[in-house]
Amino acid sequence: MSKFYVTTPIYYVNDKPHIGHAYTTILADVLTRYHKAIGDDTFFLTGLDEHGQKVFQAAQKRNVTPLQHCNEMAPRFIELWKKLGIEYSDFIRTTEDRHIKVVQEALQKTFDRGDIYADEYEGWYSVAEERFITETEKDSGQFRDVTRLKEKNWFFKMSKYQQKLINHINDNPGFIQPEHRRNEVLGFLKQPLGDLCISRPKSRMSWGIELPFDKDYVTYVWYDALINYVSAVGCFTDEEKFKKWWPVSVHLIGKDILTTHSVYWSTMLFSLELPLPETIFAHGWWLIGQTKMSKSLGNVVNPLDLVEQYGVDCVRYYLMKEMILGQDANFTPEGFIKCYNSDLANDFGNLLNRVSGLINRLFDGKIPPAEKKDPADDIVEQSAKKLPANVEKLITELKVQEAIAATMDLVRLVNGYIESQAPWKVAKTDLPRAGTILYTATEALRLAAFLLSAVMPSKCNLVLDILGAGDSGRRWGELKRGIKLKTHEALFPRLEVDKK
RNA sequence: CGCGGGGUGGAGCAGCUCGGUAGCUCGUCAGGCUCAUAACCUGAAGGUCGCACGUUCAAAUCGUGCCCCCGCAACCA
């Protein structure tokens with residue numbers, strides 16, 4: 001048994017949860033469930049990023065304290081995760097004591113090591129945005145009230161670890177995935193790395209974690225936020241727990257925060273003398289009909305609406321199946337309905353109806369024994385026997401989409417097998433043979449349901465329950481003969497396309 | 001010459017590491033089946049594998065050049 005520790009980014013509390021947040025979190029949940037199913041000890045961390053400028057401003061506007069504001073916003077995420085069937089191990093909020101202490105200790109350790117120094121920072125400052133902007137941003141002309149500002153700040157010696165990081169990336173091909181993101185980071189690291197400003201003067205912005213060595217400053221949100229990955233698993237506080245889980249197996253992130261994770265976070269860990277993550281995996285974006293989702297375009301897809309309209313499992317299935325490893329994916333209602341009907345209603349759900357209908361009619365609803373085998377059965381049996389190991393391999397490579405495809409291939413194979421073996425015909429002359437066919441088909445369906453239960457927990461567990469195989473595993477032949485099938489409705493009723 | 005990824009039947013992808021019958025899902029058409037959610041199965045049509053040159057007995061796959069698309073270039077799943 002090995003351990004599997006996965007994280008999502010901690011989401012910014014001011015954001016409205018959208019399909020992107022849902023995707024990352026479901027992906028983490030799916031990976032966790034797969035790993036649990038193969039007996040791994042798992043830890044799945046998600047949470048909220050609650051410090052920083054925007055939260056501070058939003059709270060001011062509403063005339064509440066920042067913490068009150070966060071307390072009111074947090075349930076939006078927590079409730080969504082509940083509706084999406086997310087079973088996280090821990091939900092961390094950066095305003096929690098357990099986190100703040102660790103951030104401060106990390107800062108102090110880094111400071112004591114001589115990796116943090118004070119300097120005057122001079123740059124373009126947007127009064128309207130209340131933050132420093134880059135030269136490029138200034139030139140874009142999109143910022144008002146830009147002035148030159150000089151300010152004392154604290155800096156982290158990121159540059160000191162540049163070569164060490166390059167070496168680490170080169171020595172660990174799986175560290176940053178997919179590969180083209182890894183190349184991107186290596187390309188970025190060809191330029192000399194600057195040091196990272198990790199402080200904000202309280203006079204400007206006080207909503208953050210105070211620097212242990214300078215009470216006039218709070219720390220930069222990213223420094224604060226990234227620490228969550230270790231503070232949640234006992235860093236500096238619970239040595240045993242920390243040893244058990246760290247380093248993390250996978251940090252799931254969106255491609256937009258690749259630099260913060262691969263460069264900021266890694267160098268921070270170097271300075272703290274902690275091991276680096278095993279894998280940082282950057283997935284793509286969900287596009288809404290060719291364009292990026294944006295609030296101004298008004299095309300933000302609310303995952304809650306989808307779930308309420310169609311149910312959790314099919315939304316999880318669609319998101320997992322549609323996003324190809326590391327690429328952008330396109331969300332369209334048509335695509336969703338097509339996927340639902342062809343994969344879930346026609347192939348998977350319908351297969352359950354076929355076998356249960358036949359078993360009910362021919363065997364009084366009791367699963368028949370497989371006593372009269374034929375070479376035709378071997379094709380199904382052999383494919384089914386190979387599947388679990390294959391799925392396991394794909395999941396460890398983070399190829400969820402391919403794992404689903406491989407499982408659905410078995411479902412289609414079984415549909416073809418039933419067709420060619422025609423048990424409804426065979427039954428008229430040779431009932432035991434018909435029973436064998438049905439046992440084989442049902443057992444393959446059981447295995448498929450078992451393997452898909454990470455993606456669609458409630459529907460798949462329902463299938464297993466109908467087959468009286470709720471506690472079965474991934475070995476061929478675990479389906480018990482003689483069990484009376486439970487009655488059931490259509491698993492995924494076909495969706496009629498809206499004709500407009 | 002900033003760095004990187006990609007261009008494969010109507011759509012979305014795999015194959016390229018290590019050259020040898022171009023594969024999958026969806027869509028279209030025809031047929032079959034009638035156990036099933038008008039579901040399922042089989043077959044067919046449809047591809048100069050971005051373009052050109054080169055290496056080779058043989059190139060989607062290797063090399064060079066060109067065209068086009070996309071990502072990164074320090075806020076944002």
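Within 4.0 Å of A/L196, counting heavy atoms only, lies no atom of the nucleic acid at all. At a threshold of 4.0 angstrom between heavy atoms, the contacts of A/F492 include nucleobase atoms, whether or not backbone atoms are also involved. Here A/Y23 lies out of heavy-atom contact (under 4.0 Å) with every strand. Within 4.0 Å of A/I257, counting heavy atoms only, lie sugar-phosphate atoms of the nucleic acid but no base atom. At the heavy-atom level, A/G416 lies under 4.0 Å from the strands shown only through sugar-phosphate atoms. In this structure, A/G194 reaches the bases: a heavy-atom distance under 4.0 Å links it to at least one base atom across the strands shown.
The nearest heavy atom of RNA chain B to A/L186 and to A/A345 marks one nucleotide each, and the one closer to the 5' end goes with A/L186. Comparing A/L491 and A/L193 against RNA chain B, the residue whose closest nucleotide sits nearer the 5' end is A/L491.
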Tabulate atom names and distances for all N/O pairs under 3.5 angstrom spanning the protein and nucleotides 69-71 of chain B.
from: B/G71; atom 1: O2'; to: A/R181; atom 2: NH1; distance (Å): 2.9
from: B/G71; atom 1: O2'; to: A/E184; atom 2: OE2; distance (Å): 3.4

Could you list, one pair per line, each protein nitrogen or oxygen that sits under 3.5 Å from a nitrogen or oxygen of nucleotides 32-36 of chain B, together with the distance?
from: B/G32; atom 1: N2; to: A/E419; atom 2: OE2; distance (Å): 2.8
from: B/C35; atom 1: O2; to: A/R354; atom 2: NE; distance (Å): 3.1
from: B/C35; atom 1: N3; to: A/R354; atom 2: NE; distance (Å): 3.2
from: B/C35; atom 1: N3; to: A/R354; atom 2: NH2; distance (Å): 2.4
from: B/C35; atom 1: N4; to: A/R354; atom 2: NH2; distance (Å): 3.0
from: B/C35; atom 1: N4; to: A/E419; atom 2: OE1; distance (Å): 3.0
from: B/A36; atom 1: O2'; to: A/N350; atom 2: OD1; distance (Å): 2.3
from: B/A36; atom 1: N3; to: A/N350; atom 2: ND2; distance (Å): 3.4
from: B/A36; atom 1: N3; to: A/R354; atom 2: NE; distance (Å): 3.0

Heteroatom pairs (N/O) under 3.5 angstrom, protein to nucleotides 24-31 of chain B:
none

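Counting to the nearest Å, the P atom of B/C41 and the CG atom of A/L351 are 10 Å from each other. Rounded to a whole Å, the CD atom of A/Q401 is 8 Å from the P atom of B/A14. Rounded to an integer number of Å, the gap from A/L31 CG to B/A77 P is 19 Å. The separation between A/L258 atom CG and B/C76 atom C1' is 14 Å, rounded to whole Å. Rounding to whole angstrom units, CD1 of residue A/I19 and C1' of B/A77 are separated by 11 Å. For the pair A/H283 NE2 and B/G5 P, the interatomic distance rounds to 21 Å; values are reported in whole Å.
Of the possible donor and acceptor atoms, one in the side chain of A/N341 sits under 3.5 Å from a partner among the backbone N and O of A/L495. Judged by distance alone, the side chain of A/K160 and the main-chain N or O of A/D195 form no donor-acceptor pair under 3.5 Å. Although no hydrogens or angles enter the test, the distance criterion places a donor-acceptor pair under 3.5 Å between the side chain of A/T94 and the main chain of A/E50.
Every residue two or more places apart in sequence or in another chain that forms a salt bridge (charged side-chain N to carboxylate O under 4.0 Å, His left out) with A/E419 is listed here: A/R354. Residues forming a salt bridge (charged side-chain N to carboxylate O under 4.0 Å, His left out) with A/K393 (at least two apart in sequence, or on another chain): A/E397. The side chain to side chain donor-acceptor pair (under 3.5 Å) test applied to A/K321 returns A/D343, not counting sequence neighbours. Residues satisfying the ring-ring contact (aromatic ring centres under 6.0 Å, His included) criterion with A/F492, sequence neighbours excluded, are A/Y340. Every residue was checked against the ring-ring contact (aromatic ring centres under 6.0 Å, His included) condition with A/F188, not counting sequence neighbours, and none meets it.
Atom CD of A/E489 is surrounded by 12 or fewer heavy atoms from other residues, nucleotides or ligands within 6.0 Å.
Atom name C1', nucleotides B/C70 and B/G32: the rounded distance is 45 Å, in whole Å. On the C1' atoms, B/G43 is 27 Å away from B/A60, given to the nearest whole Å. Comparing B/G46 with B/G65, their P atoms are spaced 37 Å from each other, to the whole Å. B/G9 sits 36 Å from B/C1 when the C1' atoms are compared, rounded to a whole Å. Using P as the reference atom, B/G2 and B/C66 are 13 Å apart when rounded to the nearest Å. When the P atom is used for both B/C57 and B/C16, the distance is 24 Å, rounded to whole Å. If you take atom P in B/A73 and the same atom in B/G4, they sit 15 Å apart, rounded to whole Å. On the P atoms, B/C41 is 41 Å away from B/G63, given to the nearest whole Å.
Side chain to side chain, A/D465 and A/H488 fail the donor-acceptor criterion of an N or O pair below 3.5 Å. Side chain to side chain, A/N153 and A/Y217 fail the donor-acceptor criterion of an N or O pair below 3.5 Å.
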Symbol by symbol from the 5' end, with Watson-Crick or G-U pairs under 3.5 Å, [ ] crossing and | another strand, RNA chain B is .(((((((.[[[[.)....(..]]]].(((((.......))))).....[[[[[..)....]]]]])))))).....
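Listed by first and then second residue, the salt bridge (Lys or Arg N to Asp or Glu O under 4.0 Å) pairs that reach into residues 173-182 of chain A are A/R181-A/E184, sequence neighbours excluded.
For the pair A/K157 and A/D115, the salt-bridge criterion is not met [side-chain N within less than 4.0 Å of a carboxylate O]. A salt bridge does not link A/D313 with A/R316: none of the charged nitrogens is closer than 4.0 Å to a carboxylate oxygen.
For the atom pair CZ (A/R433) and CG (A/D374), the distance works out to 4.0 Å, reported to the nearest 0.5 Å.
Here the two rings, on A/Y220 and A/F156, have centers that are 6.0 Å apart or farther.
Interface residues of residues 158-174 of chain A facing RNA chain B, ordered by number: A/M158; criterion, heavy-atom separation under 4.0 Å.
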Taking distance alone, no hydrogens or angles, what donor-acceptor pairs closer than 3.5 Å link side-chain atoms of residues 80-90 of chain A to residues at least two apart or in another chain?
from: A/S89; atom 1: OG; to: A/F44; atom 2: N; distance (Å): 2.8
from: A/D90; atom 1: OD1; to: A/R98; atom 2: NH2; distance (Å): 3.1
from: A/D90; atom 1: OD2; to: A/R98; atom 2: NH1; distance (Å): 2.8

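Between A/Y318 and A/W286, the ring planes lie tilted relative to each other; the angle falls in the 30° to 60° range.
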